[in-house]
Amino acid sequence: MANSNGSSVAQNFETFFNGWLVRQERFHQQLVQALSLRYEDEDGIERRGSLIQQVLSHYEQYALEKSRAAREQVLLFYSPPWLTSFEKALLWVGGFKPFLLFKLLANSITELTPEQEEAIERVKCETRREERELTQDSAAIQERLAALPLLSLVRSYGGRIDGELSELESAMENMKVEMLRALERADKLRRSTVKKLIQTLSPVQTVKYLAASAELQLAVRKWGSQKDQERAT
């Protein structure tokens, strides 16, 4: 993949992501406001349900744009230039670690029925198992990736050793395919875990959970930006 194309993909996704964050802030405000109001009548219940669907569609839009961009330049999502240093440090296979969703749930939802707790525990076990498998696969990919540091050196002598250049470039392309596969598996696990958790929650609990999720993301972003600015001065 040409460097110019990679730069274009990064710029386009960063533009999308910045706009998405602006909308994320607006949705967070609406979710917090919804928690302060009583939605007991039919109209209120409908408005709450509509807000939940809008927020979930907002996340689906992010997933769709990420998938499109990753298929063009997967390496970008393992160290996204549009994220702060702190956000990058928290990355797990190109995104947040799914198990974080359960910690967030425990901190935001205090009243769960025994049936909800049982269902959540089942989801937790499933997620933990898949997360462990993905962590192992990702570690193996990183090890193989570390074995290719000579690619740039070989390129500088490409006219003399075309065979070696072709072999290394082929290995790098295969590595990108593996990285994309791992990223897509991780994104699928993130989305499916969120979906399963929300299915166990009541509408009010869902609003609380989505508000807490947006608040955490925005706080991490703000703190990371502040730290990066302090380092730059």
Side-chain angles (χ1 to χ4, degrees), residues 17 20-21 23-24 27-28 30-32 34-35 39 44-71 74 77-78 80 87 90-139 141 179-221:
F17 183 63
W20 187 89
L21 280 177
R23 294 188 292 277
Q24 179 78 325
F27 276 126
H28 176 246
Q30 292 177 44
L31 288 164
V32 171
L35 291 174
Y39 284 159
I45 293 173
E46 184 177 339
R47 282 187 287 137
R48 182 170 53 206
S50 176
L51 176 58
I52 290 173
Q53 289 306 313
Q54 289 178 54
V55 174
L56 294 180
S57 295
H58 175 62
Y59 282 111
E60 281 299 320
Q61 182 190 25
Y62 173 84
L64 179 60
E65 292 297 327
K66 179 181 179 181
S67 177
R68 289 173 177 169
R71 287 179 179 274
V74 66
F77 291 89
Y78 281 81
E87 288 171 309
L90 299 177
L91 283 180
W92 175 85
V93 196
F96 64 86
K97 205 166 188 177
F99 214 70
L100 174 65
L101 294 167
F102 298 95
K103 296 181 180 178
L104 184 64
L105 181 64
N107 290 332
S108 59
I109 309 298
T110 57
E111 297 180 358
L112 293 170
T113 66
E115 291 77 14
Q116 286 178 314
E117 291 178 347
E118 183 179 345
I120 290 170
E121 188 60 32
R122 286 198 298 270
V123 178
K124 184 183 295 185
C125 291
E126 295 171 2
T127 301
R128 182 185 287 115
R129 182 180 65 253
E130 293 186 52
E131 188 179 280
R132 187 182 303 115
E133 292 176 0
L134 261 168
T135 296
Q136 293 172 348
D137 291 346
S138 181
I141 292 173
M179 294 174 76
L180 179 60
R181 187 180 297 118
L183 178 65
E184 290 179 338
R185 282 181 60 197
D187 284 343
K188 182 179 179 180
L189 178 59
R190 284 184 271 264
R191 292 197 303 274
S192 66
T193 302
V194 170
K195 183 178 180 180
K196 291 174 183 177
L197 287 179
I198 288 179
Q199 286 176 341
T200 69
L201 302 177
S202 70
V204 173
Q205 289 172 327
T206 298
V207 171
K208 288 182 180 179
Y209 188 56
L210 292 175
S213 177
E215 182 177 2
L216 176 61
Q217 181 187 20
L218 294 171
V220 168
R221 178 75 173 181

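- Note that CG of Leu104 is 9.5 Å distant from CG of Leu210, once rounded to the nearest 0.5 Å.
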Q: Mind running side chain to side chain donor-acceptor pair (under 3.5 Å) on Gln54 and Ser50 for me, showing each step along the way?
A: CA-CA 6 Å; Gln54 289 178 54; Ser50 176; 3.2 Å; yes
Q: Decide side-chain contact (heavy atoms from CB on, under 4.5 Å) for Leu56 and Ile198; before the verdict, give the C-alpha distance in whole Å, the side-chain angles of both, and the deciding distance to 0.1 Å.
A: CA-CA 10 Å; Leu56 294 180; Ile198 288 179; 3.6 Å; yes
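- Here Leu21 contributes atom CG and Leu218 contributes atom CG; the two are 7.0 Å apart, rounded to the nearest 0.5 Å.
- Listed by chain and number, the residues in a ring pair (Phe, Tyr, Trp, His ring centres under 6.0 Å) with Phe77 are Phe13, Trp82 (sequence neighbours excluded).
- Looking at Gln116 and Gln205, their side chains do bring a donor and an acceptor atom within 3.5 Å of each other.
- With values rounded to the nearest 0.5 angstrom, Ser108 atom OG is found 14.0 Å from Lys103 atom NZ.
- For the ring pair (Phe, Tyr, Trp, His ring centres under 6.0 Å) test, no residue two or more places apart in sequence or in another chain qualifies with Tyr78.
- Between Arg122 and Glu126 no salt bridge is recorded (no basic side-chain N to carboxylate O distance below 4.0 Å).
- By the side-chain hydrogen bond (donor to acceptor under 3.5 Å, both in side chains) test, Thr135 pairs with Trp92, sequence neighbours left out.
- Ring planes of Phe17 and Trp20: parallel class, angle under 30° (limits at 30 and 60°).
- Between Ala119 and Thr200, the shortest heavy-atom contact is CB-CG2, 3.8 Å.
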Q: For side-chain contact (heavy atoms from CB on, under 4.5 Å), just list the numbers for Leu91 and Phe96, CA-CA rounded to whole Å, side-chain angles, deciding distance to a tenth of an Å, and then say yes or no.
A: CA-CA 6 Å; Leu91 283 180; Phe96 64 86; over 6 Å; no
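- For the pair Leu216 and Leu100, the minimum side-chain heavy-atom distance is below 4.5 Å.
- Summarising the geometry, atom CD belonging to Glu60 is positioned 10.5 Å from atom CD belonging to Gln53; distances are rounded to the nearest 0.5 Å.
- Evaluated for a side chain to side chain contact (heavy atoms under 4.5 Å, CB included) with Leu189, the options Glu130, Lys97, Glu133 yield exactly one hit, Glu130.
- Of all heavy-atom pairs between Leu35 and Val204, the closest is CD2-O, 4.3 Å.
- Each side chain to side chain donor-acceptor pair (under 3.5 Å) pair with one or both residues in residues 206-219, not counting sequence neighbours, appears once here: Gln24-Gln217.
- In the displayed structure, Glu117 atom CD is contacted under 6.0 Å by more than 12 heavy atoms of other residues, nucleotides or ligands.
- Legend: residues meeting side-chain hydrogen bond (donor to acceptor under 3.5 Å, both in side chains) with Ser67, ordered by chain and number and at least two apart, are absent.
- Aromatic ring centres of Tyr59 and Tyr62 lie farther apart than the 6.0 Å criterion allows.
- Shown here for Ala182 and Ile141, the closest heavy-atom pair between the two residues is CB-CD1, 4.0 Å.
- Pairs engaging residues 179-192 under the side chain to side chain donor-acceptor pair (under 3.5 Å) rule: Lys66-Asp187, Arg71-Glu184, Asp137-Arg185, Asp187-Arg190 [sequence neighbours left out].
- Using a 4.0 Å cut-off between charged nitrogen and carboxylate oxygen, Glu131 and Arg128 do not count as a salt-bridge pair.
- From Leu112, atom CG reaches atom CD1 of Ile120 across 4.5 Å, with rounding to the nearest 0.5 Å.
- Closest approach of Pro203 and Ile52 over heavy atoms only: O-CD1, 3.6 Å.
- To the nearest 0.5 angstrom, Leu51 atom CG is 7.0 Å from Phe27 atom CZ.
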